[in-house]
Chemist: 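Quick one: the structure is below, questions incoming.
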Amino acid sequence: MMAENDDMSATTGSWRDLLPQGVRPYFEPAPLAALFLGISSGFPFAMIGATLTTRLAQDGIEKSAVTAFALTFLSYNLKWAWAPIVDKIRIPVLGRIGQRRSWLLVIGLAVMGAVSLLGNIDPESSLAYVALAAILVGMMGATFDIVIDGYRIELLEPHELGVGSGMSQYGWRIGAAVAGSLALVVAARMGWGAAYMACAFLALPAVITGFVMGEPTRKVIRDWPRFMRRTPYAIFILSFPLAYGGAVMLDRWLGVEILSLMVIVGYIFPLFDLTARRARDIGWSGHVNWVLLPPLVALLAILIWDWPTVTGALGSAALILYPLLVLGGTILAWLCVTPTRTAGSTESTVVGPLVEFFSREGAFIVLIFVLLHKIGDTLANLTFRLLFEDLGYTNDEIAIYDVGLGFWALLVGVFVGGVLYARLGMKKSVLLSLVLMAVSNFSFAGLAAVGHSNWGMAGAIGFENFASGIGGVCVVAYLSALCNLKFTATHFALLSAAASILGRFLTGTTAGTLIEDMGYVNFYLLTTAAAFPGVILFWWMIRSGLVDRSLGTAGSEDPEMDNPAK
């Protein structure tokens, strides 16, 4: 197919023919679109990442509370829970412009509103409201990622995945770097509210790209199961109290109410989808969700604010809470225990995205690799700004080295990553990038040992971003190739979420305490060691042939094949 594209380009006399052959693929329409999509994908992450960390540190918030805000990133790790909504549901009226484009427009505007809200809440007066706003930005940013990733993967042909992933990483880092530097500059002159509002406009490149490129055509018919058996549904419902109770205890230990809210986010979206399917499975209508909505609102209000606050606000009307909660509990219990009535359904052969993925050979091993490979990298990256603050670096120095030099080093890394992917192939390039990302953490142990040194900071930041650029291209291309085109957004949401969930959870719950107990040098040595289990596992996957056998249809030239690598 690549040869056909080159022949077509030659006959049309495109301006791309004037470019060197090695650079030409980066200027094809789909990879260029991936660049602008990446810009909008990267900036919300920066707003609740390095930018918010700097803001909280400068306001004197203690380290354990600052690192606890890493838990707001769990929205990105939970996005698989509502990714099916993006794949399945067509937005009324706006859906006429296309499934992907309509979602780009709606969520793009929602991201802009959430970022603006976060910037206008004072951490010193209400840290709890900052946490809620940060979670909202995370949710909207994660949903934006779902839409953007689905659009990007469907827009790129299989032979463009490497280049397209590289351009997406260019865009992501451009968006994050522009947001980070713009926020620092504007905040110094006009305050954080204006800074966040200015950054909100970075959502527009993806929206505009959608209108320019149109709806992607590389799709397959998406068949989704309409029914659900009672056992998995009962497990889902009964696991909520355990997960929520554990999250509440961790929140009390950390002193910041974040993790319990993230558990609510992770359950609320799949609840409606799974309940509708379970209701159909016992012969009810999926519209039972409308009956469940008032009890669910009452329960969420109690969980978020507590019983005395809610009853005090409602006054005598609080009596309605009792019948609502009983009604909701009765419906859920009935759905959990009622036998299935659709055993003979012709749709019994239709599988969902999770069933399809885990039906592949070695799927659990692939998932373990995805979970492990970024633990060290995530632990290190989410604590850099704390290190810089404690070493006495000024905002200008952080902007020059972390944002400026780091950005250019990453661009070089992304370009090198694209070349390595093309020359070495997927397997060798991914393995090399994993080793480089692991070793890059060691450089920050060296910086922490040396102390305040501009040359030391330049070397550590430069090497870390160079390695991250290579890893971003190669690993993202591998994750993209694991997707099935029937469930593009859901599969990539699951894989990209799994890639960093352990690192973010460990950062949010232990990083601040580990730094205070161990010191920065030993902490970064620990993150270096934590990165190597993923390297060893991927090496074994290459040797056993599992990497090839586990790919999905997005990595195949024939999108109709269920799993070409089998």
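Since the structure is predicted, the reported quantities are computational estimates derived from the model, not experimental observations.
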Chemist: Tell me if the OH atom of Y129 is crowded by more than 12 foreign heavy atoms within 6.0 Å.
Modeler: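 For Y129, atom OH is not crowded (no more than 12 foreign heavy atoms under 6.0 Å).
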Chemist: Nearest 0.5 angstrom please: T209 OG1 to L204 CG, how far?
Modeler: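 Answer for the OG1-CG pair, T209 versus L204, is 10.5 Å.
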Chemist: When you check the gap from the basic side-chain N to the acidic O, do E215 and R100 get nearer than 4.0 Å?
Modeler: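 Not counted as a salt bridge, because no side-chain N and carboxylate O are separated by less than 4.0 Å.
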Chemist: Do you know which two heavy atoms are closest between I48 and A134, and how far apart they sit?
Modeler: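 Closest heavy-atom pair between I48 and A134: CG2-O, 3.8 Å.
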Chemist: With rounding to the nearest 0.5 angstrom, report the CG to CG distance, L300 to L261.
Modeler: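 Between L300 CG and L261 CG, I get 10.0 Å after rounding to 0.5 Å.
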Chemist: For I470 and Y421, what are the C-alpha separation, side-chain angles and deciding distance, and is it a side-chain contact (heavy atoms from CB on, under 4.5 Å)?
Modeler: CA-CA 9 Å; I470 295 175; Y421 189 89; over 6 Å; no
Chemist: With heavy-atom distances below 4.5 Å as the criterion, would you say the side chains of N120 and M197 are in contact?
Modeler: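 A side-chain contact exists here, since the closest heavy-atom pair is under 4.5 Å.
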Chemist: Does any N or O in the side chain of N289 come within less than 3.5 Å of the main-chain N or O of F272, such that one atom is a donor and the other an acceptor?
Modeler: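 Here the side-chain-to-backbone pair exists.
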Chemist: Supply the atom-to-atom distance F201 CZ to L182 CG, rounded to the nearest 0.5 angstrom.
Modeler: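 Result: 11.0 Å between the selected atoms.
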Chemist: Do F45 and W172 make the cut of ring centroids closer than 6.0 angstrom?
Modeler: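 Yes.
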Chemist: In Å, rounded to the nearest 0.5 Å, how long is the span from CE of M437 to CG of L434?
Modeler: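 The CG atom of L434 is 5.0 Å from CE of M437, to the nearest 0.5 Å.
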Chemist: If we ignore hydrogens and angles and just use 3.5 Å, is the side chain of S440 paired with the main-chain N or O of E464 as donor and acceptor?
Modeler: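 Answer holds: no.
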Chemist: Which atom pair, heavy atoms only, marks the closest approach of L202 to P205?
Modeler: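 Minimum heavy-atom contact is O-CD, 3.1 Å.
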Chemist: Hey, what do you get for CG (L299) to CD1 (I264), rounding to the nearest 0.5 Å?
Modeler: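 It is 7.5 Å, given to the nearest 0.5 Å.
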Chemist: Find out whether F466 and L410 are in side-chain contact, i.e. whether some heavy atom of one side chain is under 4.5 Å from a heavy atom of the other.
Modeler: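 F466 does not reach L410 side chain to side chain.
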Chemist: Hey, mind stepping through F211 and I97 against side-chain contact (heavy atoms from CB on, under 4.5 Å) and telling me if it holds?
Modeler: CA-CA 9 Å; F211 282 95; I97 66 175; 4.0 Å; yes
Chemist: Are there over 12 heavy-atom neighbours, none belonging to F36, within less than 6.0 Å of that residue's CZ?
Modeler: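 Atom CZ in F36 is not packed in, count stays at 12 or less.
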Chemist: Got a second to check how far Y267's OH is from F236's CZ, nearest 0.5 Å?
Modeler: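 Reported to 0.5 Å precision, the distance equals 6.5 Å.
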Chemist: A side-chain contact here means heavy atoms from C-beta on lying under 4.5 Å apart; do L37 and D149 qualify?
Modeler: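 No, too far: nothing below the 4.5 Å cut-off.
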Chemist: Would you say M213 has more than 12 foreign heavy atoms packed within less than 6.0 Å of its CE?
Modeler: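 Check passes, neighbour count above 12.
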Chemist: Distance-only, no hydrogens or angles: does the S468 side chain make a donor-acceptor pair with backbone N or O of N465 under 3.5 Å?
Modeler: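 Answer holds: no.
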Chemist: Between L32 and M167, what is the shortest heavy-atom contact and its length?
Modeler: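 Closest heavy-atom pair between L32 and M167: CD2-CE, 3.9 Å.
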Chemist: Which pair of non-hydrogen atoms, one from A206 and one from F144, has the smallest distance, and what is that distance?
Modeler: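 Closest heavy-atom pair between A206 and F144: CB-CZ, 3.9 Å.
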Chemist: Whether the side chain of S433 engages the backbone of V430 through a donor-acceptor N/O pair (distance < 3.5 Å, no angle test) should be reported.
Modeler: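 Between the backbone of V430 and the side chain of S433 there is a qualifying donor-acceptor contact (under 3.5 Å).
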Chemist: Can you name the closest pair of heavy atoms from A481 and M426 and give their distance?
Modeler: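 The pair with the smallest heavy-atom distance is CB-SD, 4.5 Å.
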Chemist: Which atoms form the tightest heavy-atom contact between A183 and A195, and what is the distance?
Modeler: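 Minimum heavy-atom contact is O-CB, 3.4 Å.
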Chemist: Is S102 reaching over with its side chain to a backbone N or O of I91, donor-acceptor style, under 3.5 angstrom?
Modeler: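 A pair under 3.5 Å: no.
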Chemist: Do side-chain atoms of R152 reach the backbone of I148 as a donor and acceptor pair under 3.5 angstrom?
Modeler: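 Answer holds: no.
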Chemist: If we ignore hydrogens and angles and just use 3.5 Å, is the side chain of Y196 paired with the main-chain N or O of M47 as donor and acceptor?
Modeler: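 Indeed, once roles are kept as given, a pair shorter than 3.5 Å links the two residues.
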Chemist: Taking side-chain hydrogen bond (donor to acceptor under 3.5 Å, both in side chains) as the cut-off, I'd like each qualifying pair that reaches into residues 133-146, sequence neighbours left out, listed once.
Modeler: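 Sorted pair list: S41-D145, W82-T143.
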